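Scroll down for the structure; my scribbles are underneath it.
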Number of protein chains: 2
Amino acid sequence: MTSRTKFRLHPARRGAAVRSRGHAIVPRFGTRGQPEESRASILRAAVAEFAEHGIAGARTDAIARAAHVNKALLYYYFKDKDALYEAVLDHVFSGLRARVMPVFESDLPPRQKILKYLGEYFDYIAANPRFPRVVQAEWMRAGGKGHVPMQRIAKEYFLPIFAKLVDVLRQGIEAGEFREVDPIDFVPSVVGIIIFYFSTAPLMKSLVKVDPLSEGRIRERRAFVLNFISAALFR
Amino acid sequence: MTSRTKFRLHPARRGAAVRSRGHAIVPRFGTRGQPEESRASILRAAVAEFAEHGIAGARTDAIARAAHVNKALLYYYFKDKDALYEAVLDHVFSGLRARVMPVFESDLPPRQKILKYLGEYFDYIAANPRFPRVVQAEWMRAGGKGHVPMQRIAKEYFLPIFAKLVDVLRQGIEAGEFREVDPIDFVPSVVGIIIFYFSTAPLMKSLVKVDPLSEGRIRERRAFVLNFISAALFR
DNA sequence: GTCATATAATTAACTAGTTAGTTAGATTGT
DNA sequence: ACAATCTAACTAACTAGTTAATTATATGAC
C-alpha cells in the first residue's frame, strides 16, 4: 500500500454513471454494463462475507466471487478491504438512522415514542439479521478500540440517536412515567437485548430444535423484547 | 495440515510434570523449567490476543511473543491455532461454571437464587472483561454456525447452566413471584445485557469521557443490571 | 447515419508480503 | 542415558492488492 495508492481517486467517486434528479440514469462516456448494479452487488456480497467471517476472516476473493465480478473490480470501486467494510457500515447504519430518526420527530408521548423506537429498531434488525454481526465485526477489530473510521461512524449515526434517546428518557422520567434510569446504562442494555439474539442466532439454531429466525419465533421475540423492556422501564 | 499431524499426540496430553494432590509439583524425567508455567503463559497470552483480534485476526507469532516462548513451543503444547482457541474457551467457560453452578445447589428461594446467579455472572465477567470478546470471537467464525468444538463447549458448559435456569424460572413462576417469561427469550436477553456492555467497552471508552471499566462505573453498572432485570422479571 | 475516439467498465494473470505450521536438532533435570 | 522441554530457521500456502490490457458505450465530427 504505497502512499500514491492511498490518495488515488476512485472512478466511482469521480462519478461515472450519474443518477439525475428524477430516477432515470444519465450515462456518461464509457459507461457500459450496469456500474451501479456492480457496485451494489459487491456491497451485498460484502455484507454477507463480513457478517460470516468478520473483517480479518473475510476474503476479498470470496466477495468478488459471490458478487460475480472480477476481484480487480472490487478495488476499482473501493480503495481497499477496509474502505469496502466502511462502505458496508455506512450502508447498515444509514438504513437504521433512516428508520428510527423519524420516530423522534413525531409528537408521541414518551412512552409511545420509546415503544415505537424499540419496534422500529427491532424490525430493522429482524429484516436484516446479518447486520448485528457486521457491526460486531468492527469492534472485534484491533481490540475494538475504535479506529478513526469507527469514530466517524459512531459520531455520524450513533451519537445523534443516542442524544434523542436521552431526551425522551428525560421527558419520561420528568413526567413520572419512567423509572429513573441513566441512559448510559439503559441504552447499551436495550441494544444488547435486541442485537445479541440475532448475532447468536446461527449458533442457537445448531443447538436447539426451533429456528430462531422463523417468522413465528421472531414475532414472539419481538413481543417479549417490548414487554421485557416496558416492565423494566415504565412505572 | 496433514492427517498425520492431526492425530499426533501432544506431550501435554501425555502428561509430563504432574501436580500431585497437595500443591508441590512432582516433575518427571526430563522436566525442566516450568512447563506448566509455559503452558499457562501461552494460554494467558492467547486470551488477550483472541479477545483483541478474534480468531482469524489473532497471530500465533504475537501470542508466542507475548508469552515469551518460541512459537514452536506453542505447537508443542497445542495441536494448532484452533486447538489453542478451544483450550481458551474451556478456560473461560470452566471458570464461569465453577462460579455459577454452586448457586443452583444452594436452597435459596427463586428470587434470591436468580439475583445471586446474576451477581456471580456479572462479577465473573467484570473480573475478566476480555472474556465476552473471546467468546464472541467464536460465533464470528464461519458464520457462527457452531463448529464441532463449539457444539461441545455449548453442551458441556452452556446447556447445564441453561437447564438450571429453566428450573429456577419455573419455580419462580409457579410461586407467582416471577412474571411468565419463556427461558428461550429471558436467558439470551440477560446474557446480552451483561455481555454487551463489556464487549463494547473499548469502543465506548473512545467515545465518551468516562471509563466504562473504572471501579465506580462497574459498581453502578452492576446495580443497574440487577435492578433492571429485577424490574423486568419480578412481579 | 456512421465512424473514429475518448473514456468508463471489466478482466486474466501476476506479485509481494504474510502467516500457520514444521523440522531437525539443542538443552536440561533426573 | 534419556525423555521432557525448548528453539532458530525454514517452508508451503494463502491473500490483499496491482498491472496491463480489453471491451463496450456515448459523443462529436463529418
Side-chain angles (χ1 to χ4, degrees), chain A residues 1-6 8-18 25-42 46 49-50 53-65 67-85, chain B residues 1-6 8-18 25-42 46 49-50 53-65 67-85:
Chain A
M1 203 199 294
T2 68
S3 57
R4 286 191 66 257
T5 327
K6 185 157 191 187
R8 192 178 70 194
L9 279 177
H10 284 258
R13 295 199 188 144
R14 289 203 298 271
V18 149
I25 287 171
V26 181
R28 300 258 190 90
F29 275 118
T31 302
R32 113 192 202 230
Q34 306 296 338
E36 304 213 346
E37 176 80 21
S38 296
R39 220 190 111 98
S41 172
I42 292 170
E49 178 75 5
F50 283 125
H53 301 98
I55 299 176
R59 297 288 160 247
T60 55
D61 283 295
I63 295 172
R65 206 179 325 116
H68 300 292
V69 299
N70 187 279
K71 184 163 64 134
L73 196 63
L74 194 150
Y75 287 92
Y76 176 70
Y77 285 114
F78 304 95
K79 187 166 80 65
D80 55 20
K81 198 184 180 186
D82 271 21
L84 173 57
Y85 177 70
Chain B
M1 202 198 294
T2 68
S3 59
R4 285 194 64 256
T5 326
K6 187 157 188 186
R8 192 177 70 194
L9 278 178
H10 283 259
R13 295 202 186 140
R14 290 203 297 272
V18 150
I25 288 170
V26 182
R28 300 252 190 94
F29 275 120
T31 303
R32 104 191 204 239
Q34 308 295 338
E36 304 213 344
E37 177 79 21
S38 295
R39 221 190 110 97
S41 172
I42 291 170
E49 178 75 4
F50 283 124
H53 301 98
I55 300 176
R59 296 290 159 247
T60 56
D61 283 297
I63 294 172
R65 205 179 326 116
H68 301 291
V69 300
N70 187 281
K71 185 164 65 135
L73 196 63
L74 195 151
Y75 286 92
Y76 175 70
Y77 284 113
F78 304 95
K79 185 166 81 63
D80 55 20
K81 200 184 177 184
D82 271 21
L84 172 58
Y85 177 71

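Letters A, B, ... mirror the listed sequences (proteins, then strands); counts begin at 1. Only a predicted model underlies this, so the values are computations on that prediction, with no experimental measurement involved.
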At what distance, to the nearest 0.5 angstrom, does CG of Leu84(A) lie from OH of Tyr77(A)?
13.0 Å
Give a yes/no answer on whether the side chain of Ser38(A) brings an N or O atom under 4.0 Å of OP1 or OP2 in dA9(C).
no
Nucleotide dA16(D), atom P - distance to CD of Glu49(A) in whole Å:
9 Å
Atom-to-atom span, NZ of Lys79(B) to C1' of dG21(C) - whole angstrom:
11 Å
Can you list everything that forms a side-chain hydrogen bond (donor to acceptor under 3.5 Å, both in side chains) with Asp61(A)? Sequence neighbours excluded, please.
none
Could you pull out all residues at least two apart from Asp82(B) that satisfy side-chain hydrogen bond (donor to acceptor under 3.5 Å, both in side chains)?
Arg141(B)
Please state how far atom CG in Asn70(B) lies from atom C1' in dT27(C), giving the value in whole angstrom units.
13 Å
Between dC6(D) (P) and Arg39(B) (CZ): distance, integer Å
12 Å
I'd like a list of close polar pairs between nucleotides 11-15 of chain D and the protein, N/O only, cut-off under 3.5 Å.
unit_1  : atom_1 : unit_2   : atom_2 : d
dT15(D) : OP1    : Arg59(A) : NE     : 2.8
dT15(D) : O5'    : Arg59(A) : NE     : 3.3

Are the side chain of Glu49(A) and the backbone N or O of Thr60(A) linked by a donor-acceptor pair below 3.5 Å?
no
Measure the distance from NE2 on His53(B) to P on dT19(C) and round it to the nearest whole Å.
11 Å
For Ile55(A) and for Ala72(A), find the nucleotide of DNA chain D with the closest heavy atom, then tell me which residue's nucleotide is more 5'.
Ile55(A)
Roughly how many Å is it from CG in Leu73(B) to C1' in dA4(D), rounded to a whole number?
11 Å
Could you tell me which non-hydrogen atom of Phe78(A) sits nearest to which non-hydrogen atom of Ile42(A), and how far apart they are?
CE1-CG2, 3.7 Å
Rounded off to whole Å, could you give me the CD-to-C1' distance for the Glu37(A) and dA8(C) pair?
17 Å
Is any side-chain N or O of Tyr77(A) closer than 4.0 Å to OP1 or OP2 of dT10(C)?
yes
When you measure from the side-chain N and O atoms of Tyr75(B) to the phosphate of dC6(D), is any distance below 4.0 Å, counting only OP1 and OP2?
no
NZ of Lys81(A) to OH of Tyr75(A): how many Å apart, nearest 0.5 Å?
7.5 Å
Got a second to check how far Ser41(B)'s OG is from Ile63(B)'s CD1, nearest 0.5 Å?
11.0 Å
Nearest whole Å is fine: how far is dA26(C) C1' from Tyr76(B) OH?
14 Å
